[in-house]
J.: 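Attaching a single structure in structure tokens format; questions to follow.
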Amino acid sequence: MVKSILLVGVGGQGTILASKLLTTGLMEAGYDVKMSEIHGMSQRGGSVSSQVRYGEKVESAVIELGGADILVAFEKMEALRWLEFLKPGGKVVINNYEISPISILSGKIDYPQGIIEEISEKVDTVVIDAAGHAKDMGNSKVMNVILLGATIKSMGLDHIDWEKIIEGNVKQQFVDINKKAFKCGANLV
Amino acid sequence: MKKLLTGNEAVAQGAYEAGVKYASAYPGTPSTEILENIAKYTEDILAEWATNEKVALESAMGASVAGARSMAAMKHVGVNVAADPLFTISYTGINAGMVIVTADEPGQYSSQNEQDNRNYAKFAKIPMLEPSDSQESKDMIKTAFEIGETYDTPVLVRMTTRVCHSKGIVHCCERKEVQIKDYKKDVMKYVCVPAVSKRLRVKVEERMQKLSDFSDVTELNYFEWNDKKIGVIASGAAFTFAKEVFGDSVSYLKLGFTNPLPAEKIREFAGNVDKIYVIEENDPYIEEQVRILGFDCFGKNLFPSYGELTSDVIRKSVFGEANKTIEYDRKKVVPRPPTLCVGCPHRGFFYQLGKRKDIIVSGDIGCYTLGFAEPYNAVDLTICMGAGASMGHGAQQVFDMKKDSGKRVVSVMGDSTFFHTGINSLINVSYNRSNAVTVILDNRVTGMTGHQDNPGTGYTLQGKKTVELNIEKLVRAIGIENVVQINPNDLTSVKAALDWALSLDEPSVIITRWPCVLKKLSLQDKEEFKEIFQDKYSIDQNKCTGCKVCIKTGCPAISFDNAAKKATIDLEQCVGCSVCFQVCPVGAIGKVGT
Ligand SMILES: Cc1ncc(C[n+]2csc(CCOP(=O)(O)OP(=O)(O)O)c2C)c(N)n1
Ligand code: SF4
């Protein structure tokens with residue numbers, strides 16, 4: 001069985017590191033893994049996605065419409081943008097965090113209301129405050145690894161030694177805080 | 001050793017293992033990371049950013065002639081720039097192996113068009129390989145060198161965005177050193193005067209015939225026999241998408257070597273299956289060959305000719321519908337278009353330019369293309385790299401034919417674009433003396449593609465210090481005397497420069513010089529731009545009248561609260577460019593801490 005994890009967010013939110021840790025862990029656990037990232041304009045505040053697929057043998061790196069087992073949104077509205085990629089019956093993890101595009105910043109329109117309600121009515125939804133927890137830990141950048149922890153727990157991938165993966169892929173001085181962030185995220189699910 | 005690599009990283013690994021000694025490229029999504037990764041092998045491979053793709057290809061060809069395995073990489077439109085040498089090195093052939101990687105963009109994630117460069121292989125008569133994933137990307141690069149050296153030809157490797165930017169597990173090997181071959185003078189091979197070319201032309205046909213036979217025997221083209229009611233012929237990423245949809249329920253002819261196509265294998269496959277689907281992105285390249293061989297098939301009559309053929313698209317084409325999805329209110333999703341970064345040096349310039357009436361802005365390709373969008377609405381034309389100043393010149397010449405048209409053209413280009421092909425266009429402006437205003441937005445880096453060095457930055461791809469070309473001196477040297485250099489964050493000088501240039505009746509150039517906020521500043525940058533990124537600005541809520549003038553700068557660090565009718569600056573994001581400070585009509589914006 002091939003499983004599909006879709007990580008979405010806004011450029012600069014650290015989806016790339018999260019997917020790197022995720023795919024490395026999956027590979028070391030013996031899965032076949034493929035991952036696709038479209039990041040052409042990501043640095044200029046665009047929507048970004050990392051698509052991770054794993055199993056015994058993976059053909060395509062791309063998750064199709066209605067194909068993701070889990071959708072992890074690093075930003076609230078992105079959850080809704082990518083919802084059509086979720087399998088009916090799949091899970092959604094939403095970071096309760098807003099980043100406004102320019103049309104909203106400029107006051108032309110408002111940030112859409114009722115996103116979490118819209119989603120949780122339809123699918124199994126977990127809302128977490130990764131930004132708040134990251135702030136409490138003293139480094140707002142670890143939001144991504146908190147979300148990774150939540151993803152791993154939701155997908156039942158706890159048997160992999162994620163601490164070792166973090167040690168091998170994160171700069172020495174950030175290893176401890178990332179381990180803490182990972183645990184925090186796993187406990188939120 | 002097993003590694004998770006993107007297709008681009010795998011190409012670099014393949015080049016390393018194949019003993020490549022020289023590689024050259026001009027950046028362009030989705031190909032950029034190929035050279036960035038090759039550059040890491042500092043001991044074994046000389047990797048360079050060329051000024052443009054034609055130069056990259058020619059440099060790689062020179063390296064091959066001199067005896068080293070070489071490579072050139074570019075995005076799909078880069079091959080247009082490099083097409084001239086491509087068609088003739090097909091005639092000469094090579095000395096040591098030479099591989100050209102083209103990275104095409106079905107789906108146009110960050111490109112101005114969706115051309116299918118497989119046509120180039122056919123058109124230029126050179127062999128082509130098409131990997132489907134990272135492992136194949138690495139393997140095919142190595143194979144490409146062997147094919148090229150066996151048949152005395154450059155080889156094209158065609159990737160697409162999904163192959164370039166997807167990761168997969170790759171089994172990596174050691175590098176196999178390949179000695180630099182001796183150079184032998186051979187005018188009958190390398191000097192393409194008509195008398196020589198005519199003979200080489202015959203050789204090209206003989207070579208293609210031999211490669212045709214090769215295509216039928218190579219394992220790069222293989223069958224996967226399952227049920228024979230349906231047979232799928234596919235290549236590249238489309239093969240993986242098709243497998244995802246059909247699994248083991250259909251038979252496959254997977255094509256990895258796609259110029260020339262394997263006629264015998266296609267015949268054999270067609271003779272064994274009831275119905276053929278040709279699943280390929282963009283043009284009916286394989287389909288046409290299948291039809292020429294006399295077989296009916298489902299191709300572009302069933303699958304779209306544009307965009308990616310991802311599994312959902314295939315499903316919809318074949319079965320009438322994609323997988324079930326969750327229904328929801330899409331109106332709640334607001335678009336998130338790319339914007340100029342907080343502190344982008346292009347902002348101040350476009351803020352001022354957008355206010356001008358009666359000008360036509362002939363744009364070019366780079367981050368500054370975003371000047372076309374809200375709130376600047378300041379660009380009229382964007383076609384391809386280097387086109388800004390030349391189209392601007394032509395337009396100005398015609399506007400000036402009408403008496404009192406009053407229309408003036410301002411052409412814009414970035415520093416990297418200037419060195420790429422923009423300089424040719426500017427020489428044309430100078431030579432033919434139109435009074436078009438040309439602006440070179442020098443943000444000290446090739447920004448759009450991820451901040452690469454270029455001839456103006458003083459460093460090479462592999463981090464060596466080199467000469468730093470002086471744009472102002474170059475512009476003067478090509479015969480344009482009216483040149484000013486300004487700081488684009490200073491709105492008064494931007495306005496003054498535009499007023500001055502538009503008052504002239506001969507060519508003029510404005511150079512804006514300030515670093516991109518995302519550039520990793522060099523020592524020289526730090527010296528030159530001492531005050532950079534040190535201040536932050538905030539808005540005095542008591543003084544703010546809610547006029548929204550600062551919002552018109554389009555800075556993503558400024559937001560407007562409709563309820564309170566006040567603007568605020570996100571201090572975490574502000575880098576102190578001061579553009580908003582300069583536009584606020586009531587002086588509500590000030591430096592933090594003063
Ligand atoms: C022929 C061609 N090669 C490469 C590209 C990819 N590309 C788009 S913009 C750009 C660089 C622009 O750099 P610069 O002109 O310095 O502007 P900046 O983005 O820094 O503002 C490149 C290489 C392209 N579109 N066309
Ligand atoms: S990357 Fe640099 S040039 Fe591009 S928008 Fe950002 S600041 Fe401007």
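For the numbers below, each heavy atom of this structure counts, side chains included, while hydrogens, waters and symmetry mates do not. Throughout, protein chains are lettered first and strands after them, A, B, ... in sequence-line order, and every chain is numbered starting at 1. Not measured: the values here are computed from a predicted model.
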J.: Quick check on B/Asp133 against chain A: is it the side chain, the backbone, both or neither that has a heavy atom closer than 4.5 Å?
T.: side chain
J.: Side chain, backbone, both or neither: which part of B/Ser311 has a non-hydrogen atom closer than 4.5 Å to chain A?
T.: both
J.: Look at B/Arg315 together with A/Glu64 and state whether they make a salt bridge at an N to O cut-off of under 4.0 Å.
T.: yes
J.: Would you say the rings of B/Tyr252 and B/Phe239 are close, in the sense that their centroids are separated by under 6.0 Å?
T.: yes
J.: According to ring-ring contact (aromatic ring centres under 6.0 Å, His included), does anything in residues 81-125 of chain A pair up with another residue at least two apart or in another chain? List the pairs.
T.: A/Trp82-A/Phe85
J.: Contact part of A/Ser106 toward chain B, heavy-atom cut-off under 4.5 Å: side chain, backbone, both or neither?
T.: both
J.: Mind listing the side-chain donor-acceptor pairs of residues 3-25 of chain A below 3.5 Å, one per line with the distance, residues two or more places apart or on another chain?
T.:
{"unit_1": "A/Ser4", "atom_1": "OG", "unit_2": "A/Arg53", "atom_2": "NE", "d": "3.0"}
{"unit_1": "A/Gln13", "atom_1": "OE1", "unit_2": "A/Val10", "atom_2": "N", "d": "2.9"}
{"unit_1": "A/Gln13", "atom_1": "NE2", "unit_2": "A/Phe74", "atom_2": "O", "d": "3.0"}
{"unit_1": "A/Ser19", "atom_1": "OG", "unit_2": "A/Thr15", "atom_2": "O", "d": "3.4"}
{"unit_1": "A/Ser19", "atom_1": "OG", "unit_2": "A/Ile16", "atom_2": "O", "d": "3.0"}
{"unit_1": "A/Ser19", "atom_1": "OG", "unit_2": "A/Glu37", "atom_2": "OE2", "d": "2.9"}
{"unit_1": "A/Thr23", "atom_1": "OG1", "unit_2": "A/Ser19", "atom_2": "O", "d": "2.7"}
{"unit_1": "A/Thr23", "atom_1": "OG1", "unit_2": "A/Lys20", "atom_2": "O", "d": "3.1"}
{"unit_1": "A/Thr24", "atom_1": "OG1", "unit_2": "A/Lys20", "atom_2": "O", "d": "2.6"}

J.: Would you mind checking which part of A/Glu118 comes under 4.5 Å of any heavy atom in chain B, side chain (CB onward), backbone (N, CA, C, O), both or neither?
T.: side chain
J.: Which bit of A/Lys34 is near chain B, if near means a heavy-atom gap under 4.5 Å: side chain, backbone, both or neither?
T.: both
J.: Relative to chain A, which segment of B/Glu308 carries a heavy atom at a distance below 4.5 Å: side chain, backbone, both, or neither?
T.: neither
J.: So which of A/Ser100, A/Ser103, A/Gly89, A/Gly107 has the biggest tally of heavy-atom pairs under 4.5 Å with chain B?
T.: A/Gly107
J.: Looking only at side chains, do B/Thr29 and B/Lys75 share a donor and an acceptor under 3.5 Å apart?
T.: no
J.: Given a strict heavy-atom distance threshold of 4.5 Å, which part of A/Glu28 is in contact with chain B: side chain, backbone, both, or neither?
T.: neither
J.: On the 0 to 90° scale, with breaks at 30° and 60°, tag the B/Tyr368-B/His346 ring pair as parallel, tilted or perpendicular.
T.: perpendicular
J.: Examine whether an atom of A/Val123 lies under 4.5 Å from a heavy atom of chain B, and if so say whether it belongs to the side chain, the backbone or both; otherwise answer neither.
T.: side chain
J.: Quick check on A/Ile99 against chain B: is it the side chain, the backbone, both or neither that has a heavy atom closer than 4.5 Å?
T.: both
